[in-house]
Number of protein chains: 2
Amino acid sequence: MAGPATPLAIVAGSGALPRRLAEARAEAGLPYLVVCFAAAEPWMAVHPVEIHRFERPGVFFRALKRQGVTHVVMAGETLRPKLSLLRLDLYGLTRLPAALAQLRRGDDALLRWVEGLFRQQGFTVIAPEVVLGEALRLGAGPLGRRGPSGADLADAARAAAIVRALGPLDVGQGAVVARGLCLGIEAAEGTDLMLARIAALPAERRAAAPPPCGILFKAPKPAQDRRFDMPAIGPATVRGALAAGLAGIVVAADGALCPERDEMREAADRAGLFVYGATPDELAGGR
Amino acid sequence: MAGPATPLAIVAGSGALPRRLAEARAEAGLPYLVVCFAAAEPWMAVHPVEIHRFERPGVFFRALKRQGVTHVVMAGETLRPKLSLLRLDLYGLTRLPAALAQLRRGDDALLRWVEGLFRQQGFTVIAPEVVLGEALRLGAGPLGRRGPSGADLADAARAAAIVRALGPLDVGQGAVVARGLCLGIEAAEGTDLMLARIAALPAERRAAAPPPCGILFKAPKPAQDRRFDMPAIGPATVRGALAAGLAGIVVAADGALCPERDEMREAADRAGLFVYGATPDELAGGR
């Protein structure tokens with residue numbers, strides 16, 4: 001189990017996930033190619049890698065076909081802002097202002113459009129789990145030694161309600177709630193920057209919910225295509241949550257990827273934070 | 001027109017609004033008293049002022065009654081975080097854990113509860129407009145020389161949809177959208193800090209919407225009591241929007257207070273930004 005037997009292109013943003021994908025393919029002896037649209041990262045040195053330019057999608061697609069690539073997996077957290085350049089560079093190539101307007105809307109619309117490009121070119125876009133297995137997802141229950149209190153789960157349910165309300169608008173893959181007080185809602189800044197600003201929040205802004213308390217909640221948006229846009233968490237998320245004075249991290253069970261599960265468990269236990277996959281029942285009724 | 005003929009207590013947070021209220025009462029020769037729960041600010045020196053402590057609500061209410069106060073107006077942007085201390089200090093005094101749970105929910109619930117306290121004590125809580133007139137609100141149309149483009153209004157409609165979606169959850173009095181991309185949603189941090197972090201957003205996070213473009217949108221939450229929790233904007237909001245690389249500020253017409261209208265108009269014209277009150281029709285259909 002490491003995905004298709006035919007060549008796989010790993011379109012790699014940064015973060016642990018693309019590396020894990022490349023290693024899994026290498027270990028299984030299956031053909032693959034790491035593609036990046038930025039400078040190559042050090043870990044890529046031991047893998048077959050190609051650097052491409054968004055400005056030249058024709059060159060990119062021809063290169064994949066020449067190498068017999070049949071499947072594509074898109075992975076990596078900072079892939080999205082890089083991809084957002086793509087729509088600008090292709091602007092002159094397309095005759096579809098309506099589609100471009102869609103692209104401006106949010107990450108989902110953009111990624112769905114990119115997926116459509118791959119599909120039109122005959123490639124099949126697969127989810128990272130097809131290569132790394134279902135264990136890549138964080139399931140129900142605690143990851144480490146600790147778990148959330150009832151108050152923490154109430155905060156998670158409220159955060160889930162906030163994320164749900166925003167979902168149809170293609171915004172908000174996460175929120176931070178502490179004792180009912182919403183400390184942050186994730187927009188274009190991303191999870192790490194949201195946590196950083198909560199760490200910098202003046203004390204009186206969270207007077208009713210002083211640290212350590214509160215949770216970071218992450219879930220896929222309803223419109224998200226789980227093949228290429230699942231939220232990913234890892235040890236860095238634990239460090240960010242700790243700095244933000246939170247008690248833990250809650251994700252919708254099976255709704256987040258955790259490519260560095262062991263490292264994240266250790267980081268959470270060391271920090272005294274919980275990382276928890278909450279069931280739909282546990283997340284219901286938040287207001 | 002400067003409000004009731006009987007003594008008015010101006011419960012003053014910071015910002016221009018409490019000062020404007022005190023000046024209007026003084027100019028009209030009507031009785032008033034500025035109450036603050038923090039250190040007195042310099043402008044208060046020429047007004048009758050009392051400093052009170054949240055920890056001693058009994059003393060506070062008795063002092064108001066002793067001076068014949070019949071009406072109360074709550075004003076000032078940073079009043080809310082200060083008020084949040086109140087619920088902690090009163091925790092031991094109340095037997096209503098359910099009500100306290102409500103308080104933790106958000107500003108609206110808290111302010112409604114504070115308003116209820118005043119009401120129980122026989123005071124009437126009035127809106128700042130009762131003293132300063134309807135012109136305090138920003139009506140429909142542009143404040144200064146500039147107005148929004150069609151794309152700016154489309155951004156405002158999307159921001160309005162985001163704020164509307166969050167309203168029932170008592171979160172989100174504002175959002176920033178640039179060419180469809182949601183750059184920020186206001187939670188506990190407040191407008192100024194939201195704008196500051198957008199100013200600090202890495203360029204690639206808004207690659208599709210490089211400055212200057214985008215709008216700050218402000219509107220009352222549906223649950224907000226317009227007597228004491230209208231969003232307020234002023235010259236500082238213009239400076240924040242300018243630093244955040246936005247093209248302008250849009251508010252729901254009649255849905256925001258502007259105690260320093262002339263200064264704000266001048267600041268906007270100087271900065272080349274628009275400040276615009278949008279009608280419900282202009283804000284409809286955002287997605």
Side-chain angles (χ1 to χ4, degrees), chain A residues 78 80-88 100-107 109-110 151 154-155 158-159 161-162 164-172 175-190 193-194 196-198 200-210 286-287, chain B residues 78 80-88 100-107 109-110 151 154-155 158-159 161-162 164-172 175-190 193-194 196-198 200-210 286-287:
Chain A
T78 59
R80 282 180 274 162
K82 300 273 171 53
L83 279 174
S84 72
L85 291 171
L86 183 147
R87 71 186 115 165
L88 293 180
L100 282 169
Q102 264 295 99
L103 294 188
R104 298 182 180 281
R105 292 285 317 287
D107 288 337
L110 174 63
D155 281 344
R158 175 153 162 73
I162 289 168
R164 260 197 311 273
L166 290 171
L169 295 158
D170 195 3
V171 195
V176 172
V177 173
R179 297 296 175 265
L181 185 68
C182 181
L183 297 179
I185 302 172
E186 184 179 338
E189 75 273 26
L193 287 180
M194 173 175 63
R197 78 180 138 92
I198 290 169
L201 210 57
E204 75 267 20
R205 293 271 166 190
R206 58 184 293 188
R287 290 187 318 149
Chain B
T78 60
R80 282 180 276 162
K82 299 275 170 51
L83 279 173
S84 73
L85 293 169
L86 184 148
R87 71 185 114 167
L88 293 179
L100 282 169
Q102 265 296 98
L103 295 188
R104 298 181 180 283
R105 294 285 315 288
D107 288 338
L110 174 63
D155 283 344
R158 174 150 162 75
I162 288 168
R164 260 197 311 273
L166 289 171
L169 296 158
D170 196 2
V171 194
V176 172
V177 173
R179 296 297 175 265
L181 184 67
C182 180
L183 298 179
I185 302 172
E186 184 180 337
E189 74 274 26
L193 288 180
M194 174 178 61
R197 76 179 141 93
I198 289 169
L201 210 58
E204 76 266 20
R205 294 271 166 190
R206 58 185 292 189
R287 291 188 318 148

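Chain letters run A, B, ... following the sequence lines, proteins first, then strands; residues in each count from 1.
- The parts of B:I162 that come within reach of chain A are both its backbone and its side chain, each placing non-hydrogen atoms under 4.5 angstrom from that chain.
- What you find for A:A178 and A:L183 is that their closest heavy atoms are CB-CD1, 3.8 Å.
- Each of A:V176, A:V171, A:L166 was evaluated against A:I185; a single residue qualifies, A:L166, per the side chain to side chain contact (heavy atoms under 4.5 Å, CB included) test.
- Residue A:L201 touches chain B through its side chain alone, counting heavy-atom pairs closer than 4.5 Å.
- In terms of heavy atoms, B:A165 sits closest to A:L169 at CB-CD1, 3.8 Å.
- Residue contact with chain B, scored on non-hydrogen atoms closer than 4.5 Å, involves the side chain of A:L193 exclusively.
- Of all heavy-atom pairs spanning A:R197 and B:E189, the tightest one is NH1-OE2, 3.5 Å.
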